[in-house]
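Down below is the structure, laid out as structure tokens.
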Amino acid sequence: MIKMIFKQLWNQRRQNGWILLELTVITFFIFTTSVEVVRGLADYALPNGYEKEGAYCLQLKEDKAYSFKYDVKEDKAKDSIFHANFNQLLLAIKGCPEVEAVAVTNQHSFPGSGSQTALAMYPEDSTFTPLNTVRYRTYLADGTDFIKAYGLTDAHTGELMQLPERIHEGRKVIVSASFARYMFGTIDVVGKGIGKVHNPSGKDLQEIVGVYQDFKRTDFQVGYPSILTINTKMKGQNPFDHFIIYRLKEGVDGNAFEKKVMNEIAPRFANTPTVIQGIESFEESLNWYNDIIGVYNHLRYTAVMLFFVLLCVFLGMTGTFWVRCRARRQDIGLMRSIGASQATITRQFMTEAWMLVTIGFLIAQPLIIHYIHGLKWNVIDLTAHYWQDSKTWLTLATDALIYILMMLIALLGTWFPVKQASKDLPAEALRDE
Amino acid sequence: MSIIKLTGINKIYRTNEIETQALENVNLEVEKGEFLSIMGPSGCGKSTLLNIIGLLDKATSGTIELCGTEAMTLKDKELAEFRNHRLGFIFQSFHLVNSLNVIDNVELPLLYRNVSAGERTRLAKEVLERVGLSHRMRHMPMQLSGGQCQRVAIARALIGNPDIILADEPTGNLDSKMGAEVMDLLRQLNREDDRTIVMVTHNEEQARTTSRTIRFFDGRQVE
């Protein structure tokens, strides 16, 4: 049957040329719109790498007008009232029975940062090309546990990580799974050294004491290689460049606790330069960040485009296959007169539609490859730790999706008219002019 | 024994406004090996009758028995199988599939019978040789004359070795010479294979060469 259909298609290649051209253009067009959606959804499907639920970020601000006599620069240099306030606040939060864990991070750390700091990192004793890495920083105050506060998970077990024992010794670093893989090819990297200079050694080295599962700064990104550096002292740094992160115990109402902080703890700092600007849940921070980087708008736009493309394709292809079936009503009558059942005819036309879509799809592939590779489509193609980072895998996945979509459309567009036409009495179909 | 037996066949075409009786109480028996011609003026119901015998159309009432089978009760799949194995059609306008060459057109009925490709080709060659078209096997229908197209249609009707051949004005679109050739071929099939043929024709001369002629007028058998 397939051979016979192929012969028919080949013998009518001129007439089929138009429909193949249409299918080729459609394949390419759907690909260009759906590839971004595939990428976005693949990123979204990845685990966050941390526990969003129950985590909050307390934002501070310095009140520069609190006293005209107050010298901010002087205070920072002396590490006095700023730091005293900050530590009092940290202790106050930590001391609340509702709080499970607290942590301190700088403003360029996740969450809530529109910007991030990047570093080129080198492994010890290696000529490895430096790996551009996102750096997050935490400040180890007494009793803080940033791992529990964030809910970071262990790269090996997928379970909640434990605070590494030697974390307080200084010059320790925790790295993400992708960082470990890209730099060392494995996640078994505890004990290895990395540094900010080529061939680091001695004082330049920081020791890896843990590996966390990649965490995503937004829902629509993969977790890029990152490191978490640990500062054991805040001296010399402005506390207002930091956030207090806290995790509430299970079942505690976040809003009620926020009110408690604002009503009971914030007034204690009324006559100090420390102002509690607000409290944001990780969920809100993420949404805010997703908004400012425009990923929602971009995805909305792409999804709407894809919807309209699919709608147009559905209407266009259904129309094409409909006309094609109706034009061959006589053939259908003849087929029935020589022994084809309605099911056989439906199967034959569906097979024909499948072959046309497949040929059109295959012809479109060089265009798609040119689009992805030749035009340097903006895909980060590292060593493809995530399949969606690889142009090849992303193309294959998108191709698979659009092939299924096109097939469904073609088969639906064929099934209805053929089913109808094959129900006609053969005598009527044969009379059709 | 009758190979075709029609009893009380009526066919009424209904539209919203008009009701047309195409056939009225037709009773007909055709014996195996008979060559029957059906004659009558245009619109008298000849082709409708042939279509009903060939199970391409449904009678409004009456019964049809073909090769001992009560045909009115057959389901779609059984109908398709019955047409494929027992009936062969030859149409006035040939109804060849233009996108397939001669041999592929001839092979079509066997394709629906799931005969292997090699066997299909062998049988198609054999039957094309019989209708004198073995040298045109790879030609497309558009490259053939009307007479040749009708021979291809005859070959297609023959390949499944049917019990009954139904021909609807098989020479209607051919000139007299080609028409005569096609008629010779049909007579040969009837004579040599003892095949039952029912043919609709306008041609009195052709009808005289068949074993029996019946005439229709306004949907009724008049002779």
Side-chain angles (χ1 to χ4, degrees), chain A residues 1-20 323-353 355-356 359 418-433, chain B residues 11 13 22 47-58 74-101 103-115 117 120 138 140-142 153 156-157 159-160 162 166 168:
Chain A
M1 178 76 86
I2 288 181
K3 199 176 164 191
M4 188 71 81
I5 295 169
F6 191 76
K7 274 185 191 173
Q8 276 187 286
L9 292 178
W10 176 250
N11 290 335
Q12 290 200 309
R13 53 193 175 278
R14 273 196 191 164
Q15 294 92 316
N16 289 326
W18 281 109
I19 190 168
L20 283 175
V323 168
R324 204 178 153 77
C325 290
R326 299 309 295 180
R328 290 169 63 193
R329 199 166 166 240
Q330 262 196 0
D331 281 358
I332 292 172
L334 170 75
M335 286 155 72
R336 291 195 67 192
S337 75
I338 60 175
S341 64
Q342 290 178 26
T344 307
I345 291 167
T346 308
R347 202 163 47 238
Q348 182 172 334
F349 272 72
M350 302 273 265
T351 309
E352 194 178 306
M355 287 171 80
L356 279 170
I359 294 169
V418 170
K419 202 75 189 162
Q420 244 183 357
S422 65
K423 273 183 191 164
D424 293 345
L425 285 167
E428 281 172 25
L430 284 165
R431 267 199 296 271
D432 201 49
E433 292 297 327
Chain B
K11 175 70 182 177
Y13 289 107
S47 294
T48 304
L49 179 67
L50 197 76
N51 285 337
I52 287 173
I53 296 172
L55 310 176
L56 301 182
D57 206 347
K58 280 184 179 164
L74 295 177
K75 299 238 164 32
D76 177 64
K77 204 176 167 191
E78 296 162 334
L79 262 178
E81 208 167 306
F82 192 88
R83 287 190 202 111
N84 187 265
H85 284 81
R86 299 300 183 91
L87 306 174
F89 292 92
I90 301 165
F91 302 99
Q92 182 182 358
S93 49
F94 327 129
H95 285 310
L96 299 179
V97 179
N98 286 329
S99 54
L100 292 175
N101 65 18
I103 194 163
D104 290 336
N105 264 289
V106 175
E107 279 183 25
L108 271 179
L110 299 185
L111 186 73
Y112 301 128
R113 212 183 274 189
N114 292 326
V115 175
R120 283 202 312 261
R138 304 291 164 196
M140 301 303 284
M142 305 295 274
R156 185 181 62 196
I159 196 168
L166 302 165
D168 190 0

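In this text the structure is predicted, and so the values were computed from the model without any measurement. What you see below is based on every heavy atom in this structure, not just the backbone, and it leaves out hydrogens, waters and symmetry mates. Residue numbers start from 1 in every chain, and the chains themselves are labelled A, B, ... in the order their sequence lines are given, proteins ahead of strands.
- At a threshold of 4.0 Å, the pair A:E352-A:R328 counts as salt-bridged, since one of the basic side-chain nitrogens sits closer than that to a carboxylate oxygen.
- Both the backbone and the side chain of B:D104 come within contact range of chain A, with heavy atoms under 4.5 Å apart.
- Under the 4.5 Å side-chain criterion, counting only non-hydrogen atoms from C-beta, B:L100 is in contact with A:Q8.
- Heavy-atom neighbours of B:K77 NZ from other residues, nucleotides or ligands within 6.0 Å: at or below the threshold of 12.
- Between chain B and the options A:P426, A:G333, A:A343, heavy-atom pairs under 4.5 Å are most frequent for A:P426.
- Of the listed residues (B:G54, B:A117, B:P109), the greatest number of heavy-atom pairs within a distance under 4.5 Å of chain A belongs to B:P109.
- Between B:F91 and B:F89, the ring planes are parallel. Angles under 30° get that label, and only those over 60° would be called perpendicular.
- With a threshold of 4.5 angstrom between heavy atoms, A:Q348 approaches chain B through side-chain atoms but not through N, CA, C or O.
- Residue A:S337 touches chain B through both its backbone and its side chain, counting heavy-atom pairs closer than 4.5 Å.
- For B:S99 and A:N11, the side-chain atoms include no donor-acceptor pair closer than 3.5 Å.
- Other residues, nucleotides and ligands place more than 12 heavy atoms under 6.0 Å from the OH atom of B:Y13.
- Ranked by non-hydrogen atom pairs under 4.5 Å with chain A, the options B:L56, B:I52, B:N84 are led by B:L56.
- Proximity to chain A is limited to the side chain of B:R156, based on heavy atoms less than 4.5 angstrom apart.
- At a 4.5 Å heavy-atom cutoff, the contact between B:L111 and chain A is made by side-chain atoms alone.
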